[in-house]
Visitor: 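So that we are looking at the same thing, I have put the structure below in structure tokens.
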Amino acid sequence: NKKQAFPNTGGLFCFFSQIIECAKSTTFLRESTKQQGGQLSLHIVWENYPFTQELYENIPNEVFTPAILEYDGMNKKGLRRYTLKFAGQLINYLVDEKENLNGQYWSAQGLTVESEKVR
């Protein structure tokens, strides 16, 4: 067993599979929509560490990765766009008016997850 200390920088820690739900637990999604902009600093917690590199390419071999979630406007269907930036990677998310995740797009990894609303 290997122990890993939490970074002493403080801030928000979010499991990778729950980025939008984690941001939703703050006021960021609501406030960024009102202000039509904004960024949220966070640390991604890789719940599949140490196997992250076996699942994804070019991901740091670490439990915690600093990241920024940024509001990026609305699409034609009225879904809010957010971009997660970390370690040279970009993941785009689509979120509805009730702050529910409707789409996740990680082009560098060739991954797309969409709800029926997006199609």
Side-chain angles (χ1 to χ4, degrees):
N1 287 338
K2 185 177 175 183
K3 293 184 180 182
Q4 182 72 40
F6 273 78
N8 61 3
T9 57
L12 186 63
F13 290 83
C14 301
F15 286 110
F16 175 69
S17 64
Q18 299 175 340
I19 296 293
I20 295 301
E21 291 83 358
C22 186
K24 185 178 177 178
S25 72
T26 71
T27 60
F28 175 69
L29 297 182
R30 182 175 52 248
E31 292 301 318
S32 63
T33 300
K34 285 181 189 174
Q35 297 174 10
Q36 294 297 298
Q39 294 183 340
L40 176 66
S41 295
L42 58 97
H43 284 86
I44 297 170
V45 180
W46 296 99
E47 59 260 73
N48 50 13
Y49 177 85
F51 305 106
T52 311
Q53 289 70 39
E54 292 178 21
L55 297 171
Y56 309 113
E57 295 181 11
N58 302 315
I59 300 300
N61 186 20
E62 58 194 12
V63 178
F64 306 103
T65 302
I68 303 267
L69 183 63
E70 183 174 62
Y71 178 83
D72 191 31
M74 288 193 165
N75 72 4
K76 293 176 184 177
K77 294 185 177 185
L79 296 172
R80 299 173 185 104
R81 293 188 314 257
Y82 290 89
T83 302
L84 182 68
K85 301 175 181 181
F86 65 95
Q89 300 281 322
L90 297 174
I91 301 177
N92 298 296
Y93 297 94
L94 292 177
V95 178
D96 66 20
E97 67 281 352
K98 294 182 181 178
E99 300 181 350
N100 296 314
L101 179 62
N102 280 250
Q104 177 181 347
Y105 309 91
W106 194 356
S107 298
Q109 302 294 332
L111 298 174
T112 297
V113 178
E114 292 180 322
S115 74
E116 293 290 324
K117 294 180 187 178
V118 176
R119 294 182 192 160

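Values in this document were obtained by computation on a predicted structure and should not be read as measured data.
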Visitor: Using the rule that two of Ile, Leu, Val, Met, Phe, Trp, Tyr join whenever any of their side-chain heavy atoms come within less than 4.5 Å, decide whether Val95 and Phe15 are in one cluster.
Guide: yes
Visitor: Tell me whether Val63 shares a hydrophobic cluster with Leu42, the cluster being built from Ile, Leu, Val, Met, Phe, Trp, Tyr side chains joined at under 4.5 Å.
Guide: yes
Visitor: Output the distance between atom CG (Asn92) and atom CG (Asn75), rounded to the nearest 0.5 Å.
Guide: 11.5 Å
Visitor: Any chance you could measure Lys24, atom NZ, to Glu99, atom CD, to the nearest 0.5 Å?
Guide: 6.0 Å
Visitor: Where do Asn58 and Gln89 come nearest, in terms of heavy atoms and distance?
Guide: O-NE2, 3.6 Å
Visitor: Answer with yes or no whether the side chains of Tyr105 and Glu114 bring together a donor and an acceptor at under 3.5 Å.
Guide: yes
Visitor: What's the separation between atom CG in Leu69 and atom CG in Leu84, rounded to the nearest 0.5 Å?
Guide: 6.0 Å
Visitor: Heavy atoms only: give me the nearest Ser25-Cys22 pair and the separation to one decimal.
Guide: OG-O, 2.5 Å
Visitor: So if you build clusters from Ile, Leu, Val, Met, Phe, Trp, Tyr with side-chain heavy-atom gaps below 4.5 Å, do Leu79 and Val113 land together?
Guide: no
Visitor: Is there a path of hydrophobic side-chain contacts, each under 4.5 Å between heavy atoms of I, L, V, M, F, W or Y residues, that connects Leu40 with Tyr71?
Guide: yes
Visitor: Just by distance, with hydrogens left out, do Tyr82 and Ser32 show a side-chain donor and acceptor under 3.5 Å apart?
Guide: yes
Visitor: Over 60° means perpendicular and under 30° means parallel, so classify the ring planes of Phe16 and Phe86, tilted if in between.
Guide: perpendicular
Visitor: Would you say Met74 ends up clustered with Leu94 if hydrophobic residues are merged whenever their side chains have heavy atoms under 4.5 Å apart, either directly or through other cluster members?
Guide: no
Visitor: Minimum heavy-atom separation for Ile20 and Leu101, please, with both atom names.
Guide: CG1-CD1, 3.9 Å
Visitor: Take Ile59 and Gln109 through the test side-chain contact (heavy atoms from CB on, under 4.5 Å) and record every step on the way to the result.
Guide: CA-CA 10 Å; Ile59 300 300; Gln109 302 294 332; 4.3 Å; yes
Visitor: First locate atom CZ of Arg30, then atom CD of Gln35, and finally report the distance between them rounded to the nearest 0.5 Å.
Guide: 11.5 Å
Visitor: Just how far is it from atom OG of Ser115 to atom CG of Asn100, taken to the nearest 0.5 Å?
Guide: 9.0 Å
Visitor: Looking only at side-chain N and O atoms, does Glu47 offer a donor or acceptor that is under 3.5 Å from a partner on Ser17?
Guide: yes
Visitor: If we ignore hydrogens and angles and just use 3.5 Å, is the side chain of Arg80 paired with the main-chain N or O of Gly73 as donor and acceptor?
Guide: no
Visitor: Of the non-hydrogen atoms in Lys85 and Leu90, which two are nearest, and what is the gap between them?
Guide: CG-CD2, 3.3 Å
Visitor: Taking all non-hydrogen atoms of both residues, which atom of Ile91 and which atom of Gln104 are closest, and how far apart?
Guide: CG2-CG, 3.8 Å
Visitor: Which value, rounded to the nearest 0.5 Å, describes the distance between Asp72 atom CG and Gln36 atom CD?
Guide: 11.0 Å
Visitor: Before you tell me yes or no, could you show the steps for Leu12 and Phe28 under side-chain contact (heavy atoms from CB on, under 4.5 Å), namely the whole-Å CA-CA distance, both residues' side-chain angles and the distance that decides it to 0.1 Å?
Guide: CA-CA 12 Å; Leu12 186 63; Phe28 175 69; over 6 Å; no
Visitor: List the atom of Ile19, the atom of Cys14, and the distance in Å for their closest heavy-atom pair.
Guide: CD1-CB, 3.9 Å
Visitor: Can you check whether Phe64 and Trp46 have ring centres sitting under 6.0 Å from each other?
Guide: no
Visitor: Assert yes or no for the condition that the ring centre distance of Phe13 to His43 is strictly below 6.0 Å.
Guide: yes
Visitor: Do NZ/NE/NH1/NH2 and the carboxylate oxygens of Glu31 and Lys34 come within less than 4.0 Å?
Guide: yes
